[in-house]
Every structure is written in structure tokens, then in C-alpha cells.
Amino acid sequence: NLSTEEFDAAIPGVVSLISEFGIEPSIAFAISRPSIAQAIAVVDTAAESEKQSRRLSTEKAQVDRNVELADDSTKAPTDEGEKAASQNGTPTKQESSPKNEEETSSEMKDIPQVADATSTSTPGPIVNGVHDPWHPVLKPLMESLRPILREDFESTLSLPFYTTFWTLALHDMVVFSNTYETEIKKHVTALGKINSDRTDLTTLGMKKKEHEKKSINEVLDRLRGEMRTQIQAYQQ
């Protein structure tokens, strides 16, 4: 099987398939759908990673700030000896180098302030943002499709809807969970029958049973994996 990159290098894009090779849009999109889905996944993963990185960086800065504040609080003259010395006129550590309010205020201005974790002063990459509701992978695809469609196309059908519809696979719109559950239950029942079977306890018979159980477990893993993937795609 070819990787997505190898497939893209060998097969023209959906716009070329429609305009240059005369392939029906439904078939052209079916050919290019895995490549489009992969491109969307790459952009979404990068955006999520950047979001997590910003969150962790903000949390770390907040923790560092809390540690600094805690260190500063331990320098306060809470010791009874220091209090007594202060009352007797003996200068304490803090009193030995007094600073007026203006100096203190000036120093505080030089301390960088840490943004709150919920601050929006540093906006993230716009994927489904306010300025443009369309995914950054689909947006250029829409613009490329517009010239090859008939002139009155958008008077009867929305181009974003058209593009989004054809980029979706069947499992993006519906999950046949009942079918998967029925098939999984059937294989689990077959596995139980093999485990309870005591008709052949010879070495050869046991090896045969282990082989059958392994095959059924592999099918179960594939079914559960497909169902999980389709549910995740549907939820997106």
C-alpha cells in the first residue's frame, strides 16, 4: 500500500481529476478523500499541540510566580527575636536597608507580569475561528473548485456545503454501531464456545483451538478498532 505522500505524488488532486481528466466529482472526491482527510488531521494535530504547549507554558509561568511569592513571604520578620530587636531599636535585616515607597513601586514595575491561563492576549492559530469558519485545508480547495464549476452554480447551492459534503465519508455522517455490536457479540459467543469445548483435549486439538481463538481475537480487535475510529470521526 502507498503512503499518503506517495499517493499524492502519483495521483492528481481532486480539482485536476475533475477539470483535466473529466472525472465525475463524486468519484474524484472518493479518490482524493483520504488525502484531504490526512491533510485536515495534520493541521488539527499541529493546532492542538500548539494549544497544549501554550497551556503548559502558562501553567509553568504561574507556578514559578507562586514560588517567587512564597520565597518573598518567608523573608518577612516573623521571628520573635527580630520583633524584639525591632522594638529595642536594633535594626533588622529588612530595616538595615530601608527603601521608600517610590523605589519599591519603581521596582515592582520592572517585574514582568504573568498572563492568566484564560488570557486571550495571544490568540492561537485560527482553524475554525471567528474570522473564517472554514477549515484552512478546505478553504483553498473551495477557491480552486469555484472556477471549474458552472457560473450559476452558487446561485442554487452553497460552495462550502458542496465541498464539505463530498469530503465526508459515510462513517463521518453515520456510525453503524448496531451492526458492529451484533458482529462483535457473534464473535464473542464463538470464542466462548471454543473455551467451553472439551471434546478434544489432545495436543493437536488444543493447538487447533488456540489457532481459532487467535483468529477470532484478531477479528474482534479489528472490529473494535474500526468502530472506535468511526465514532471519533463522527464526533469531529
Side-chain angles (χ1 to χ4, degrees), residues 1-18 21 23-53 55-56 127-128 133-138 141-142 145 160-236:
N1 294 334
L2 295 177
S3 65
T4 304
E5 292 76 13
E6 293 171 337
F7 182 86
D8 291 341
I11 305 299
V14 61
V15 176
S16 296
L17 291 175
I18 297 173
F21 295 89
I23 297 178
E24 287 292 324
S26 59
I27 299 175
F29 272 100
I31 294 172
S32 302
R33 190 173 292 124
S35 299
I36 298 172
Q38 176 66 17
I40 291 175
V42 169
V43 172
D44 289 347
T45 301
E48 181 63 25
S49 298
E50 185 175 348
K51 179 180 177 182
Q52 291 292 335
S53 178
R55 182 181 63 81
L56 292 175
V127 175
N128 290 315
W134 308 113
H135 196 281
V137 172
L138 297 183
L141 179 57
M142 295 177 193
L145 285 169
F161 173 80
Y162 175 84
T163 306
T164 303
F165 176 82
W166 284 118
T167 53
L168 296 175
L170 181 60
H171 61 260
D172 294 322
M173 296 178 282
V174 62
V175 178
F176 297 99
S177 56
N178 291 336
T179 303
Y180 276 103
E181 290 171 359
T182 300
E183 197 67 17
I184 289 172
K185 184 178 180 180
K186 183 178 70 175
H187 284 80
V188 169
T189 302
L191 192 61
K193 289 181 179 179
I194 294 175
N195 288 328
S196 60
D197 184 14
R198 296 290 185 270
T199 57
D200 188 358
L201 299 178
T202 64
T203 302
L204 184 61
M206 296 299 292
K207 287 183 177 180
K208 181 180 178 181
K209 288 170 61 176
E210 289 299 322
H211 178 73
E212 292 176 351
K213 287 165 60 177
K214 181 180 178 181
S215 299
I216 293 175
N217 281 321
E218 289 176 352
V219 174
L220 284 172
D221 289 341
R222 288 199 298 271
L223 287 171
R224 288 166 177 156
E226 287 180 11
M227 184 177 179
R228 182 166 52 251
T229 300
Q230 293 198 17
I231 291 175
Q232 291 173 350
Y234 178 79
Q235 291 175 341
Q236 292 176 356

Enquirer: With a 4.5 Å cut-off on side-chain heavy atoms, are Ile23 and Val14 touching?
Expert: no
Enquirer: Could you pull out the closest heavy-atom pair between Ile184 and Arg224, with the gap in Å?
Expert: CD1-CG, 3.8 Å
Enquirer: What distance do Arg222 atom CZ and Leu220 atom CG have between them, rounded to the nearest 0.5 Å?
Expert: 9.5 Å
Enquirer: What's the spacing between His211 NE2 and Ile216 CD1 if we round to 0.5 Å?
Expert: 10.5 Å
Enquirer: Give a yes or no on whether Gln52 atom CD has more than 12 heavy-atom contacts from other residues, nucleotides or ligands under 6.0 Å away.
Expert: yes
Enquirer: Distance from Ile27 atom CD1 to Leu17 atom CG, nearest 0.5 Å?
Expert: 10.5 Å
Enquirer: Provide the closest heavy-atom pair for Arg33 versus Leu168 in the form atom of the first, atom of the second, distance.
Expert: NE-O, 3.2 Å
Enquirer: Measuring from Ile31:CD1 to Ile36:CD1, what's the distance to the nearest 0.5 Å?
Expert: 11.0 Å
Enquirer: Side chains of Leu141 and Thr167: does their closest heavy-atom pair fall under 4.5 Å?
Expert: yes
Enquirer: Does a side-chain heavy-atom distance below 4.5 Å link Ile18 with Leu145?
Expert: yes
Enquirer: Nearest 0.5 Å, what's the NZ-CG distance between Lys208 and Asp200?
Expert: 8.0 Å
Enquirer: Would you say that His135 contacts Asp44 through its side chain, given a criterion of any heavy-atom pair below 4.5 Å between the two side chains?
Expert: yes
Enquirer: Evaluate the ring planes of Phe29 and Trp166, with Trp represented by its six-membered ring, and classify them as parallel (under 30°), tilted (30 to 60°) or perpendicular (over 60°).
Expert: parallel
Enquirer: Determine the minimum heavy-atom distance between Val43 and Pro136, stating which atoms define it.
Expert: CG1-CG, 3.8 Å
Enquirer: I'd like to know if the side chain of Ser49 reaches the main chain of Thr45, judged simply by a donor and an acceptor atom lying under 3.5 Å from each other, with no hydrogens or angles considered.
Expert: yes
Enquirer: Run Glu181 and Asn178 through side-chain contact (heavy atoms from CB on, under 4.5 Å) and show every step you take.
Expert: CA-CA 5 Å; Glu181 290 171 359; Asn178 291 336; 4.0 Å; yes
Enquirer: Under 3.5 Å, side chain of Asn217 to main-chain N/O of Lys213, donor-acceptor pair present?
Expert: yes
Enquirer: Please report the closest heavy-atom contact between Lys209 and Ile194, naming both atoms and the distance.
Expert: CE-O, 3.2 Å
Enquirer: So how far is it from Ser215 OG to Glu210 CD, rounded to the nearest 0.5 Å?
Expert: 11.0 Å
Enquirer: How close do Pro12 and Ser32 get, counting heavy atoms only, and between which atoms?
Expert: O-OG, 4.3 Å
Enquirer: Of all heavy-atom pairs between Leu201 and Met206, which one has the smallest distance, and what is that distance?
Expert: O-CG, 3.9 Å
